[in-house]
Amino acid sequence: MDHGTERGAPPSRGAGNGAADGPAAAGRVPLAVVVVDRDGMVSHWSRGASRLFGATKEEAIGRSAADLLPVSGALAEQDTPPYGMYAAYDGLGPDLESSLDGGLSYPAAGRARLTVPGADRVDVLWWAYPLVGPGREHLLVLAADAGALHQDLDLDLDLDEGTVAVERIAPAFALHTDFPGADELARRLPEILPSMSVGESARIVAQILELGYPVLEFSQNDRVPVTPDWGVPRRAERKARRERAARAAAEGLPLPQDDLDEGEDLEYVAVRERLEFLNEVSGKIGTSLDLSRTIVEVSRAVVPRFTDVAGTYLREQVVAGEGFPDGVPDTTTMWHRVALEHTDEPGRWDDVVPVGEAMPFPAHTPFFQCMTTGEPVLVPRISEQMGHAIASQFEKRDIRPLITGRSMLVVPLKARNVVLGFMILLRHPERVEFNDMDRVTGAELAARAGLVLDNARMYTFQESVAETLQDSMLPHIPPRMTGCDIATRYLPGTLLGRVGGDWFDSVKLPGARTALVVGDVMGHGLNSAAMMGQLRTAVQTMAALDLPPAQLLRNLDDLAQRLGDTYLATCLYAVYDPIASELHIANAGHIPPVIVRAGDGRSELLDLPTGAPIGVGGVPFEAVRVRVAPGDRLLMCTDGLVEVRGEDIGVGLATLTESAAHPAASMDDACDAIIRALNTRGGRKDDVALLMARLNGIEPDDVAEWRISLDPAEVGRARAVVREQLHDWGLGRLADGAELMVSELVTNAVRHSHSRPVELRLVRGDFLLCEVDDDDHDLPNLSSAGPTDEQGRGLRVVSTLAREWGASRTEAGKTVWFELTLPRR
C-alpha cells in the first residue's frame, strides 16, 4: 500500500498529545497508521498516530500495542489514562483486543472515545486488518477522528509517513444520507477510494439516497466485512436489542418502542444485522479449494438464516473444470443445478428439481435477466402467472406448488465481471418478503461466494491441466514384455499440485531384451515436468540405439549439460536379458533397486555403484551385471516413496525391502501393498514413481539360433530351418507367413552385410519373435515399389503380414525383427 505524499501542513492537534483542539484542516483528515508484529509489539507508528494517540514514535516503537491502542478493559476509572487509552469502548463487531491477540483472522472495525490528558474526548473510528505474507507484520490498525470525518465532507485521508508494506488492504465506509452535496460526494469518492471510478461512486450515492439507509461498498480487490458504527450503546445492551430486532424482523412485527433508543430504528438495526450476517457467512465459505465442497458451503451458509430455499446453478464450463467461460450467457447456455438446500420436509424437492440436472433458461424468466445483466432480481411474491411461466420449462413436472406465493431473490455469482452462475433464494409465504435491503445483502453475499467459487474453479482447472500434462508425459507400459511382466504406479506429490519430475519407462530392445527405467528430476512444478519429458525422450531414443547402460547415462549427462545447469536428475537404467537370465544395471545418483528372489522369498537392496546425478557433468558411470532366476522380481522406485521429512531414509528403504518380500496374488496387488506400507507413515510430500518387473525368463527350448553365411544360396536354408522349427514347436500354421518374411529379411541382410555372417533367431514367448542381425549400420526404409522395380517389396511384405516389426542399430550393426501372434490353443 503506497502512502500518498503530504499535500499541505498537518492540522493542529495540540502540543503533541494527539488531542483535537480544532477542526481538521480543510479537505484533510489525518489517519493514524500503526503496524503490529506477531509478538504484539508496535513496529510502525505514523505521525498521525502520534497526533491522535499522544505518544511519540520513539515511545511507541517496540512497545506492546495493547498499551497504546483502543482495547476493551481500558482504565475507565483512572483520572489520567496513559497515552490515550480509552475511557469507554463501544464498537461494532469484535473489539480490537481480539484482533491484537490473533483471535480474529478477518478485518474488524469499531468506534471508541479517546481520553487524552488536557483535552476533551475524541470520537475515534478504527479499522484492524490482519496481514498476510511471510514477514513479521501481523496487523495493520488505522484510526481517524470521527468528528472530523463527519464534519468535513471534502476529506482526504492523510497517510503521511513513508511506506508500509501491506497486502490487500481496502477500507470500507458506511455512507449515510445525512451527508450534504450528493454530486460533490460522488465526485470526491474516487479520491478517497482510488480503485473506485466516478461512475461507481455516482451509483453508490444514488443508491444511498434512494434506499435511505447505509450502503456498504468495497473495492474490486478486497472485501472487508465490517465498518465502524456511530454512537451505539454498550455491547450487552446493543446485543440484546439486536436479537429482539432480528426476531421482530423475521416475524414481520414492529420493534418495541423501548428498543428504539438513541435514535436507532428497525431499519438501522437490520443494516447492522446484515453486516454481521455477511461477516459470519464469510467465515463459513471458502474453507477449501475443492469445488464441490465450496458449492455446498455456499448453499448451506444462507439457509435458514437468510432464506428457506437456496438453489445454486453453475455454467457448464465451470462444472466441467474447463477454462473461464466466454461471452454473455444466452438461451442456449446450459446451467447445472449443483446444490439445493431447503428447510422443507425431506425429499420434497429431490424428485422435482434434482441436483445434477442441466437445463437452459428462456428469456422471459427472472433467471435469464439475472444471468445476462449480472444484477440481482427481486420478486416480492411469485404470482400464479409467474409460477406458471417458470414451471413451463420443467417437462412433466409441476413445480408451482413449490414456488407460488413465495418471495424470490435471484443473485448472480460473478468473478471478474463474468457470470459463473446464480443462486435462487426463496422464502416461505409466511415469512417476511425479500426487500431492497435483502437485495443489497444478497448481492454482496453472491459477490463473495462468486470469488470463492472462482478460486475453487481455477484450482480445479489448474489441477486438471496439471494432471493431463503429467499423464501425457508418463508412458502407458504394456503389462507384458518379452520374458517379463510389468506393473507401475504413479502418485502425485501432496505439496505442490499434481506435476512433478518423476518418471518410469520400458523399452523393447533387440535380442528379446527389455530396458527398464526410473528417474527423478529434482524439484517440482511445470519446469521439472518439462525437464523430465526431455530426459525421458532422450532415454527412449538412446535405448533404441542399444547403448550399454553406462554409456547411455554418460550421454544423458552430456545432454543435461547442454540443456542448462538449472536441474539435476537421478536415473536408474537396467537392461533385462531373459535368455541369459541377467540384469545389466547402471545408476546415476538414484536409490538402489530391490530384488526379491523367487527361490526363498528373500529381498535385498542391490549393491550398485551409486554414481553422480545426471547434470553434474564430467563424472564416470559404472554398470554391473546381476544374475537372476525365473520368477525373481525387480523393484525400482523414486525416493518420494521411501523418504519422509524428519526420518532417516534408511528406515524407508528397510520398510520397502520388507514389504516387497510379502507374497501377493498379482503384480498389481504387490504394488498396492508396497504403497500402503510406505504411504501410511505420513509426511510424504514428493511424487512417487514405482516400477515392478517379474523376470520370467525364456527357456532354452524356446530359443532357436542359426548363422547364415553371406551366400545367396543360404536364403533357402534359412527358410527350411524356420519351417522345421515351427513345426517342432507345434506352430505349423505360422510357417508359411514366417518363411516368406524370413526369406525377405535374410536376403536383404546377405546383400548388405560386409564380412560377418548373418544371425537368425526365433524366440517363442507370448508372441513369435524373429530377429535377423547383420553388420551393416544403415537401417532399412519402407518404400513403394513400382510395377517394374525388382527391389523394395520385402519390407512391404513384412509390414503387411507381421503383427509388429522394426529395426534398430546395435553395436555391431543392426537388427531387423518382426512378431507374429501365436494361434490359440
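There is a side-chain donor-acceptor pair under 3.5 Å between His428 and Thr343.
Among residues two or more places apart in sequence or in another chain, the salt bridge (Lys or Arg N to Asp or Glu O under 4.0 Å) test is passed with Glu384 by none. Not counting sequence neighbours, the partners of Arg803 by the salt bridge (Lys or Arg N to Asp or Glu O under 4.0 Å) test are Glu819. Ile403 pairs by the side-chain contact (heavy atoms from CB on, under 4.5 Å) definition with Trp349, Ile382, Ile390, Ile399, Leu426, not counting sequence neighbours. Applying the side-chain contact (heavy atoms from CB on, under 4.5 Å) test to Ala670 and every residue at least two apart in sequence or in another chain returns Arg633, Ala664, Met692. Partners of Arg305 according to the salt bridge (Lys or Arg N to Asp or Glu O under 4.0 Å) rule, which considers only residues two or more places apart in sequence or in another chain, are Glu273, Glu280. Partners of Leu314 according to the side-chain contact (heavy atoms from CB on, under 4.5 Å) rule, which considers only residues two or more places apart in sequence or in another chain, are Ile295, Val318, Val319, Val338, Leu413, Leu453. Applying the side-chain contact (heavy atoms from CB on, under 4.5 Å) criterion to Arg480, with sequence neighbours excluded, gives Asp485, Asp766. Partners of Phe306 under the ring-ring contact (aromatic ring centres under 6.0 Å, His included) rule, at least two apart in sequence or in another chain, are Phe277, Phe434. With sequence neighbours excluded, the residues forming a salt bridge (Lys or Arg N to Asp or Glu O under 4.0 Å) with Arg489 are Asp668, Asp672, listed by chain and number.
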- Query: Please walk me through it: do Glu433 and Arg427 pass salt bridge (Lys or Arg N to Asp or Glu O under 4.0 Å)?
  - Reply: CA-CA 7 Å; Glu433 298 176 353; Arg427 284 182 177 174; over 6 Å; no

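Separating the OG atom in Ser383 from the CE atom in Met386 is a distance of 5.5 Å, to the nearest 0.5 Å.
For residues 331-340, the pairs satisfying side chain to side chain donor-acceptor pair (under 3.5 Å) are Tyr313-Arg337, Asp330-Thr332, Asp330-Thr333, Arg337-Glu357, with sequence neighbours left out. For residues 359-380, the set of pairs meeting the salt bridge (Lys or Arg N to Asp or Glu O under 4.0 Å) definition, not counting sequence neighbours, is empty.
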Donor-acceptor pairs under 3.5 Å, side chain of residues 363-370 to any protein atom, not counting sequence neighbours: which ones?
| residue | atom | partner | partner atom | Å |
| --- | --- | --- | --- | --- |
| Thr365 | OG1 | Pro362 | O | 2.8 |
| Thr365 | OG1 | Phe368 | N | 3.3 |

